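Here is the structure we will look at, set down as structure tokens.
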Amino acid sequence: MRYSQLMLPTLKEDPAEAEVISHKLMFRAGMIRKLAAGIYSYLPLGLRVIRKVEEIVREEMNRAGAQEVLLPCVQPAELWMETHRWEEYGKDLLRFKDRHSRDCCFGPTHEEVITDIARREIRSYRQMPLNLYQIQTKFRDEIRPRFGLMRGREFIMKDAYSFDTDEAGLEKSYHKMYEAYERIFKRCGLTFTAVEAETGLIGGSASHEFMVMAETGEEIIVSCQSCDYTANVQKAEAKRTRLRARGSGKTLKPLKKMETPDMKTVEAVTQFLKVRPQNLVKTLIFETDQGVVATLIRGDHEINESKLEKLLGCGEVKLASDDVVYGATGAPKGFAGPIGLSVKTIADYSVESMVDFVTGANEEDAHYINVNLDRDVKVDQFADLRMIKEGDRCPRCGKSLSFSRGIEVGHIFKLGTKYSKTLKATYLDENGREREIVMGCYGIGVGRTAAAAIEQYHDEDGIIWPMPIAPFQVIVVPVNNKSEPLMETAEGIYRLLSGSGVEVLLDERDSTPGVKFKDADLIGIPLRITVGEKNLKRGLVEIRRRKNGETIVIGKEKTTETVLALINEEMEASLRV
RNA sequence: CGGGGAGUAGCGCAGUCUGGUUAGCGCGCUUGCUUCGGGAGCAAGAGGUCGGGAGUUCAAAUCUCCUCUCCCCGACCA
């Protein structure tokens, strides 16, 4: 490709609207342009990268035995009503009516559609295992789209769905996808990790997220320093502290009510009473679809709402409003306590071993001290309810945990029979018995993967593409357009490389070398061949690696073989690790 | 949906508080000459319904009201 014929509008300045580095650089490198909030156009350079990622995904999915399909993005409401997600999915689901006033939606994901195909086509156990995937534009009307392609409303996603006869089959399919995902992100040249994750709205029993490690990641990853436990912070289990014999050998102090005027926060109360937050038990009231629930947790810990939801087996829990808190405790927010509460009370494991602690008194401007379980407080259930935090120990081996940030680029789920049950997707087994198909689903954010690569690989001059997903592998820069020998040599190199199957961009624009170098760095082409006067007089050209600035000068006739070797080297480097 | 901020030339911004010539600056763009190894110089140009609507006024980018859009911080998303 010739630069002058390529639509590649690079910008010197960061766009005002961009906040994160990948968004700024994609914009400046002329890869994307915004149409509306969370909705982007891909310009030629951006699309080239997207296609590269897609191709890697496609190859690995095919290798893993999945078959490509393409499902509709406009979907009838009826199908979503069958799984009840028409009601459950909420505002993220973009809904509209067609000319006949039929309710439709733009697919945010395709479990319904694919399961509909499965229930029509799969009749026998002989037709499984089966894995179907597609690469397609999704739309999720996010509350707050941001960070360019990182969290758009419209985005390109690879979604795959596996169909098996039983759990054991699903286990195998899941594992195959897990391995395919590892290969995909490795081939993209990314540093990533797979973590245990929550299943969320998609549903199902188990799930892993594939995280690209990056400072700017929105996800917090917890991983053990010594064993292989790794999890999303939302999912991470807290280690249950050893249950000290409560009050044994030690006399419990008598319960006492204290005046705490206007002390509504843990900080205020603990400072006022001169105790540590670890000696206070917070009582948080939640509204759930099973009624009001009180949770007890140590003062320095936070409730993990998804754990609570899972424990209760309910849809969504939310911190109770002032009115509800008043109704349940008889006191305004900030003075709730477990003593004498009539609502269901669940305590975090961290509370189990506490003695003589502080709680609210369910009375304005008052707290109790020397509160004790059993004697003063009735707890219905103990459970792991808290958000894991820095300093916590590994729930598996007890060693220390480290916290890091990541970008979620892939997510795989064991769905089980959630969708086959509601949509009645069944087959006949060897014994002629009708059984539900066991499913898994597997997603990759294609645009987000490209963005994540930028987050991971960039410097102050711009993007540093890993070779496998670079929009071009090589850029040829003649330093002076007025010099015929330079231009001829550059043209010759360009033609030879193109002929050898190298993806090469020839910057034959009539601009100064500085401009060309800056643009080449900005758009992140891995190899740059500079054809300059001094070198050329001796029959030499220069090859420079974007990633480390390493420069080699070689005889111009050796260009093609050298470039091919360098490309090979970098392609393979991404596969190792 | 709360809370904060912003819409002025393709991009980045000043001007708005305190209304008053022809609305400026940098980058980019066009033409010519010179230049050519890290965003070149000189000269001449083109380009603006000041987000939209209504109002106040002799006069509105500037004041008032309404509205649209975008960005940032907040309740799990590839």
Side-chain angles (χ1 to χ4, degrees), chain A residues 9-20 23 27-28 30 33-39 53 57 90-92 108-109 135-160 181 197-202 207 209-212 218-220 232-235 304-307 309-310 316-319 387 407-413 441-452 461-462 477-483 486 510-522 528 530-536 542 544 549 551:
Chain A
T10 57
L11 264 32
K12 277 190 186 175
E13 280 168 301
D14 285 335
E17 64 188 35
E19 198 65 22
V20 299
H23 188 193
F27 213 99
R28 285 188 53 207
R33 288 294 183 262
K34 187 177 72 184
L35 180 63
I39 301 178
V53 175
V57 169
K91 289 188 173 172
D92 277 16
T109 175
I135 297 174
Q136 185 211 35
T137 297
K138 301 283 192 271
F139 193 94
R140 295 184 188 172
D141 205 351
E142 294 269 348
I143 312 165
R144 186 149 93 86
R146 57 183 137 174
F147 304 153
L149 292 195
M150 207 72 100
R151 184 199 285 265
R153 292 193 294 167
E154 186 177 298
F155 59 98
I156 299 172
M157 175 172 160
K158 186 285 302 179
D159 47 326
Y181 274 40
E198 281 297 330
T199 49
L201 204 56
I202 306 274
S207 144
E209 286 170 342
F210 285 77
M211 302 281 202
V212 168
E218 287 188 88
E219 302 294 328
I220 296 175
N232 185 310
V233 72
Q234 299 288 344
K235 163 85 179 180
N304 180 333
E305 293 183 16
S306 63
K307 286 182 179 175
E309 283 165 13
K310 209 165 173 185
E316 199 182 344
V317 303
K318 72 172 204 271
L319 218 44
M387 192 70 90
I407 298 161
E408 181 192 356
V409 289
H411 202 161
I412 61 180
F413 300 85
C441 76
Y442 317 90
I444 289 179
V446 173
R448 188 183 280 184
T449 300
D461 292 318
V477 178
V479 159
N480 182 347
N481 275 53
K482 294 291 182 300
S483 158
L486 283 194
D510 184 17
S511 25
T512 55
V515 171
K516 296 183 182 183
F517 293 155
K518 287 287 183 191
D519 275 337
D521 286 349
L522 176 62
R528 187 184 83 200
T530 313
V531 184
E533 223 130 14
K534 263 187 218 160
N535 280 327
L536 193 60
E542 173 189 302
R544 183 177 192 270
T551 298

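Proteins come first, then strands; the chains are lettered A, B, ... in the order of their sequence lines, and each starts at number 1. Not measured: the values here are computed from a predicted model.
With hydrogens and angles ignored, the 3.5 Å screen pairs no side-chain donor or acceptor of A:Arg140 with any backbone N or O of A:Glu154. Side-chain N or O atoms of A:Lys34 include none that pairs as donor or acceptor with a backbone N or O of A:Gly148 at under 3.5 Å. Remark: the backbone N or O of A:Pro478 is paired with a side-chain donor or acceptor of A:Lys516 at under 3.5 angstrom. Between the side chain of A:Tyr442 and the backbone N or O of A:Tyr181, no donor-acceptor pair lies under 3.5 Å.
With both ends at atom C1', the span from B:G15 to B:G19 equals 13 Å, rounded to whole Å. Comparing B:C13 with B:A54, their P atoms sit 30 Å apart, to the nearest whole Å. Distance check on atom C1': B:G7 versus B:U49 gives 15 Å, rounded to whole Å. The P atoms of B:A14 and B:A9 are separated by 12 Å, rounded to the nearest whole Å. A distance of about 13 Å separates the P atoms of B:G51 and B:A6, rounded to the whole Å. Here, B:G47 and B:U22 have their C1' atoms 16 Å apart, quoted to the whole Å. Rounded to whole Å, the separation between the P atoms of B:U56 and B:A60 comes to 12 Å. Nucleotides B:G74 and B:U31 place their P atoms 48 Å apart, quoted to the nearest Å.
Residue contacts shown for A:Gly445 include a base, since a base heavy atom lies under 4.0 Å away. Among the protein residues, A:Val515 comes within range of the nucleic acid bases, having at least one heavy atom under 4.0 Å from a base atom. Here A:Glu209 lies out of heavy-atom contact (under 4.0 Å) with every strand. Nucleic acid contact class of A:Gly152 (heavy atoms, under 4.0 Å, all strands): base. No engagement by A:Glu218 is indicated, since no non-hydrogen atom pair under 4.0 Å with the nucleic acid exists. A:Asp521 comes within 4.0 angstrom of a nucleotide base, judged by non-hydrogen atoms across all strands. Within the 4.0 angstrom heavy-atom criterion, no nucleotide atom of any strand lies near A:Thr449. Within the 4.0 angstrom heavy-atom criterion, base atoms lie near A:Asp519. Contact annotation for A:Arg153: no contact, since no heavy-atom pair falls under 4.0 Å across all strands. A:Lys516 comes within 4.0 angstrom of no nucleic acid atom, judged by non-hydrogen atoms across all strands. Within 4.0 Å of A:Gly410, counting heavy atoms only, lie sugar-phosphate atoms of the nucleic acid but no base atom. Here A:Glu17 lies in heavy-atom contact (under 4.0 Å) with sugar-phosphate atoms only. A:Asp141 comes within 4.0 angstrom of nothing in the nucleic acid, heavy atoms only.
Not one side-chain nitrogen or oxygen of A:Lys12 sits closer than 4.0 Å to the OP1 or OP2 atom of B:G26. Side-chain nitrogen and oxygen atoms of A:Thr512 include at least one within less than 4.0 Å of the OP1 or OP2 phosphate oxygen of B:A40.
Pair assignment for B:A60: none, as no Watson-Crick or G-U wobble contacts are both less than 3.5 Å. Pairing of B:A78, defined by two Watson-Crick or G-U wobble distances under 3.5 Å, is not identified with any nucleotide. With a cut-off of 3.5 Å on both Watson-Crick or G-U wobble distances, the partner of B:C29 is given as B:G45. The pairing partner recorded for B:U16 is none, the criterion being a Watson-Crick or G-U wobble arrangement whose two distances lie under 3.5 angstrom. Nucleotide B:A23 has no partner under the Watson-Crick or G-U criteria, as no pair reaches both atom distances under 3.5 Å. In this structure, B:A40 and B:U34 make a Watson-Crick or G-U wobble pair, each of the two defining distances being under 3.5 angstrom.
Here the P atom of nucleotide B:G10 and the CZ atom of A:Arg28 are 20 Å apart, to the nearest Å. Separating the CZ atom of A:Arg144 from the C1' atom of B:C1 is a distance of 13 Å, rounded to the nearest angstrom. Taking atom CD of residue A:Glu533 and atom P of nucleotide B:U35, one finds them 13 Å apart after rounding to whole Å. Rounded to whole Å, the distance from CD on A:Glu408 to P on B:C76 is 13 Å. Spacing between atom CZ of A:Arg151 and atom P of B:C76 amounts to 9 Å, rounded to whole angstrom units. For the pair A:Ile412 CD1 and B:C77 C1', the computed distance is 17 Å after rounding to whole Å. In this structure, CD1 of A:Ile143 is placed 7 Å from C1' of B:A75, rounded to the nearest angstrom. Residue A:Lys307 contributes atom NZ, which lies 17 Å from atom P of B:C76 at whole-angstrom precision.
Ion pair A:Lys482/A:Asp510 flagged as a salt bridge, since at least one NZ, NE, NH1 or NH2 atom sits closer than 4.0 Å to an Asp/Glu carboxylate oxygen. Salt-bridge formation is detected for the pair A:Glu218/A:Arg151: a Lys NZ or Arg NE/NH1/NH2 atom is positioned less than 4.0 Å from an Asp or Glu carboxylate oxygen.
Seen from the ring of A:Phe517, A:Arg528 counts as a face-on cation partner, given the 6.0 Å and 45° thresholds.
Along RNA chain B, the nucleotide closest to A:Gly38 and the one closest to A:Asp14 are compared, and the more 5′ of them pairs with A:Asp14. Position along RNA chain B of the nearest nucleotide to A:Phe155 versus A:Ala16 favours A:Ala16 as the more 5'-ward residue.
Separating the OG1 atom in A:Thr10 from the CG atom in A:Asp519 is a distance of 3.5 Å, to the nearest 0.5 Å.
Under 3.5 Å, the side chain of A:Glu13 and the base of B:G26 form at least one donor-acceptor pair of N or O atoms. A:Asn480 contributes no side-chain N or O that forms a donor-acceptor pair with the base of B:G37 under 3.5 Å.
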